[in-house]
Amino acid sequence: MADLEALPEHIKGEIIDGVLYTAPRPRARHADAEIVLGTTLMGPFRWGRGGPGGWWILIEAGIEVPGSPEFSPDLAAWRKERMPTLPAEGPITVVPDWVCEIHSPTTRTLDLRIKRPFYARLGVAYLWYIDREAHTLTASKLRDGQWVELGVWGEDDRIRTEPFEALELALADLWVEGPTPAE
């Protein structure tokens, strides 16, 4: 934990399987994709507005589970039946039900080679990857300890996929670089 605390403010660190991994803090477009997806999911899945509710959805939350002092997915979500309340203090100690990582040039290899098998070992049920450069979203489901691809979509696709299939997602919103379509 001291290794994480010693990092400069502009560096994000995570300890996965006892190894410290670092990367620059997310840049503007990466952060924008986090907030767009997070807020899109928040209404229907956290608050039940136009959807089933029943989820906690967090951006870059600190999570500590046995064997990993701290990791921090770009987005993570927990079913409220598994984690009825958010911790008042300290890290979350419950494995997420869903994780989404947003690839950047500095994190793509870490996301695919280190975090993907790590999330499988933890038992994360669903894993999404957003690749802003390729304009794609890849969704996977953990089955018998292995990732099974649910699909790869891109550009202006409108999709429904697990675990948030109750909502149609407009993927173009994730890579909009000018005014939003409503403006």
Side-chain angles (χ1 to χ4, degrees), residues 1 4 12-17 21 23 25-26 29-104 107 110-111 114-132 137-143 145 147-151 153 158-171 173-174:
M1 195 58 90
L4 290 173
K12 177 182 174 180
E14 298 177 278
I15 298 175
I16 299 172
D17 292 333
Y21 294 93
R25 291 264 171 218
R29 290 186 177 164
H30 181 111
D32 184 61
E34 285 177 337
I35 210 78
V36 166
L37 183 56
T39 56
T40 299
L41 296 174
M42 191 73 68
F45 294 98
R46 179 170 179 179
W47 303 114
R49 295 181 188 136
W55 289 81
W56 296 111
I57 298 166
L58 302 174
I59 296 173
E60 295 191 22
I63 304 165
E64 291 183 16
V65 295
S68 274
E70 185 165 336
F71 64 100
S72 180
D74 291 327
L75 292 111
W78 295 259
R79 294 179 192 274
K80 289 183 180 179
E81 63 202 32
R82 288 189 56 246
M83 187 171 73
T85 60
L86 293 176
E89 293 184 27
I92 295 170
T93 58
V94 176
V95 172
D97 292 293
W98 170 83
V99 164
C100 179
E101 295 287 0
I102 300 167
H103 292 322
S104 67
T107 65
L110 173 65
D111 290 344
I114 305 299
K115 287 187 171 185
R116 186 173 175 88
F118 172 71
Y119 293 145
R121 280 194 309 278
L122 290 181
V124 173
Y126 295 94
L127 176 61
W128 289 9
Y129 284 118
I130 293 173
D131 189 325
R132 288 193 33 79
L137 183 148
T138 303
S140 300
K141 180 178 185 172
L142 192 63
R143 203 173 285 148
W147 292 114
V148 176
E149 192 173 279
L150 298 173
W153 303 273
R158 300 179 73 82
I159 69 163
R160 290 179 186 269
T161 192
E162 296 177 59
F164 302 116
E165 66 273 15
L167 175 70
E168 181 177 81
L169 293 172
L171 295 187
D173 293 346
L174 297 172

Using ring centroids (six-membered ring only for Trp), state whether Tyr126 and Phe164 fall under 6.0 Å. no
Mind checking side chain to side chain contact (heavy atoms under 4.5 Å, CB included) for Leu167 and listing every partner two or more places apart, or none if nothing turns up? Thr40, Leu41, Pro44, Phe45, Leu169
Against the six-membered ring of Trp55, is Lys80 placed for a cation-pi contact (under 6.0 Å from the centre, within 45° of the normal)? no
Name the atoms and distances for all side-chain donor-acceptor pairs under 3.5 Å in residues 82-92, with sequence neighbours left out.
{"unit_1": "Arg82", "atom_1": "NH1", "unit_2": "Val95", "atom_2": "O", "d": "3.0"}
{"unit_1": "Arg82", "atom_1": "NH1", "unit_2": "Asp97", "atom_2": "OD1", "d": "2.8"}
{"unit_1": "Arg82", "atom_1": "NH1", "unit_2": "Asp97", "atom_2": "OD2", "d": "2.9"}
{"unit_1": "Arg82", "atom_1": "NH2", "unit_2": "Val95", "atom_2": "O", "d": "3.1"}

Nearest 0.5 angstrom please: Asp74 CG to Ser104 OG, how far? 8.0 Å
I'd like to check the ring-ring contact (aromatic ring centres under 6.0 Å, His included) partners of Trp153; sequence neighbours left out, ordered by chain and number. none
By side chain to side chain donor-acceptor pair (under 3.5 Å) - contacts of Arg158 (at least two apart): Glu168
Write down the atom of Pro73, the atom of Ile63, and the distance for their closest heavy-atom approach. CD-CD1, 3.6 Å
Any residue meeting salt bridge (charged side-chain N to carboxylate O under 4.0 Å, His left out) with Lys141, in chain and number order, not counting sequence neighbours: Glu162
Side-chain (Ser72) to main-chain (Glu60) donor-acceptor, under 3.5 angstrom: yes
Can you sort out the partners of Arg49 under salt bridge (charged side-chain N to carboxylate O under 4.0 Å, His left out), two or more places apart, ordered by chain and number? none
Going by the rule ring-ring contact (aromatic ring centres under 6.0 Å, His included), which residues pair with Tyr129 if we only count those two or more places apart in sequence or in a different chain? His103
By salt bridge (charged side-chain N to carboxylate O under 4.0 Å, His left out), which residues pair with Asp111, not counting sequence neighbours? none
Applying salt bridge (charged side-chain N to carboxylate O under 4.0 Å, His left out) to Glu149 and not counting sequence neighbours gives none
